[in-house]
Amino acid sequence: MLDLYAANTLAAFWHLLLDPPVSSTEWTEAIRAAVSILPPVDRPIAGDSAEVAPLVLSEAHMGPNRWQLGWGTQLYYEVKPLFPRRLNIALRQRYRQLQERRFPLAWPVEDRYARFLYSCAAHLLRQRNLDLASFVGFWPEGHRFALVLTHDVERGSGQAFVRTVVDLEERLGYRSAFNFVPERYPIDHGLLADLRRRGFEIDVHGLKHDGTLFGSKQAFDRQARRINQYLREWDAVGFRAPYMHRNPRWQQALRVEYDLSFFDTDPYEPMPGGTMSMWPFFLGHFVELPYTLAQDHTLMAILGERTPRLWLDKVDALERWQGMALLNTHPDYLLEPGRLAIYGAFLEAMKERRNYWHALPRDVAR
Ligand SMILES: [Zn+2]
């Protein structure tokens, strides 16, 4: 599994402009000096320091069998459609306390991987008796951080609300990606064409959104073939898995440039965990763009927030580390009373900040 993450070396992260260039021995020493910042995993990691970043990004801190869906989770998706919606939300809120207690990462800000990366660079400079060094910035045009907006369109009612969300974003000067489910509701191809014309991006969000995609490797491969057809048909290059179910190895079967199914830290998903990365990273043949802001459903339904305060606080932390603010909201949730206003307030507040690169996911990946 770690081979999928092998491209994420310290030298690939920090393009330090030093003469002579940083040697791999220097990086190894720096990693050894900083590794204690990271949470423990169930295997020694100091032995081969090249493995440290891959271990973090592969969520090794979440224990073995990380990518297996528990039988309880699978059962939940089979019986969930039978429950009334109110009961589902009540169950989620009860389950929330259990999830928060068990969760080994920090939330909403998990900055240990960021501190590790910065400590490695600091250690290296100390070894060379330097106070500062130039490096190639993470974002184009000297921007301090990045802002990426994405949306999963869950149902037909959400699809019918997409234009309202688009109008709001367009009015404020934003563009975003909308991820549609190919075989759950009739796709409005006129809407897709309209979105493309207006500078928005289209992605694929699962196949049927029924919880079966990651049931087995065979099930995944079978559905992946159809997903790849839709990617081609829609001229799409990005994918996000329903329910943030994920498997780095299986997902290599998808013909995408980037994926959006992972996140830096999130205790509230059916597969809680996190890559701890506030930046895009290489995952096999594609780029992973982890979301780093709480999902709208978490913020508004599970936590009951009535303002975008939590999002803006997290943006502050991401700016400090020069990371990527990536948000996933759902037209299906935003159409409920009061919710679009919270999203609008977030966008308005972000308009006041000028020091970030606002881009579509495909541009970030490229
Ligand atoms: Zn979804």
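In this chain, residues are counted from 1 in sequence order. Note that ligands are numbered from 1 as they come in the structure, with each ligand's atoms numbered from 1 the same way. Side chains included, hydrogens not; waters and symmetry mates left out as well; all remaining heavy atoms used.
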> Is Leu105 reachable from Trp279 through a run of hydrophobic residues whose side-chain heavy atoms are each under 4.5 Å from the next?
Replying inline: yes

> What residue pairs, at least two apart or across chains, pass salt bridge (charged side-chain N to carboxylate O under 4.0 Å, His left out) with a residue in residues 119-136?
Replying inline: Glu26-Arg128

>> Is a donor from one side chain sitting under 3.5 angstrom from an acceptor on the other, for His123 and Glu29?
In response: no

>> Please give me the protein atoms (N, O or S only) lying under 2.8 Å from the Zn ion (ligand 1), ordered by chain and number.
In response: Glu154 OE1, Glu154 OE2, His205 NE2, His209 NE2

> Is there a side-chain contact between Tyr230 and Phe180 (heavy atoms, below 4.5 Å)?
Replying inline: no

Identify each donor-acceptor pair in which a side-chain atom of residues 293-302 lies under 3.5 Å from a protein atom, sequence neighbours left out, and give them as a table.
| unit_1 | atom_1 | unit_2 | atom_2 | d |
| --- | --- | --- | --- | --- |
| Gln295 | OE1 | Asn328 | ND2 | 3.2 |
| Gln295 | NE2 | Glu269 | OE2 | 3.1 |
| Gln295 | NE2 | Tyr291 | OH | 3.0 |
| Asp296 | OD1 | His330 | ND1 | 2.8 |
| Asp296 | OD2 | His330 | N | 2.6 |

> Taking only residues at least two apart or on different chains, which pairs with a member in residues 188-200 satisfy salt bridge (charged side-chain N to carboxylate O under 4.0 Å, His left out)?
Replying inline: Arg163-Asp194, Asp167-Arg198, Glu170-Arg198, Asp194-Arg197, Asp194-Arg198

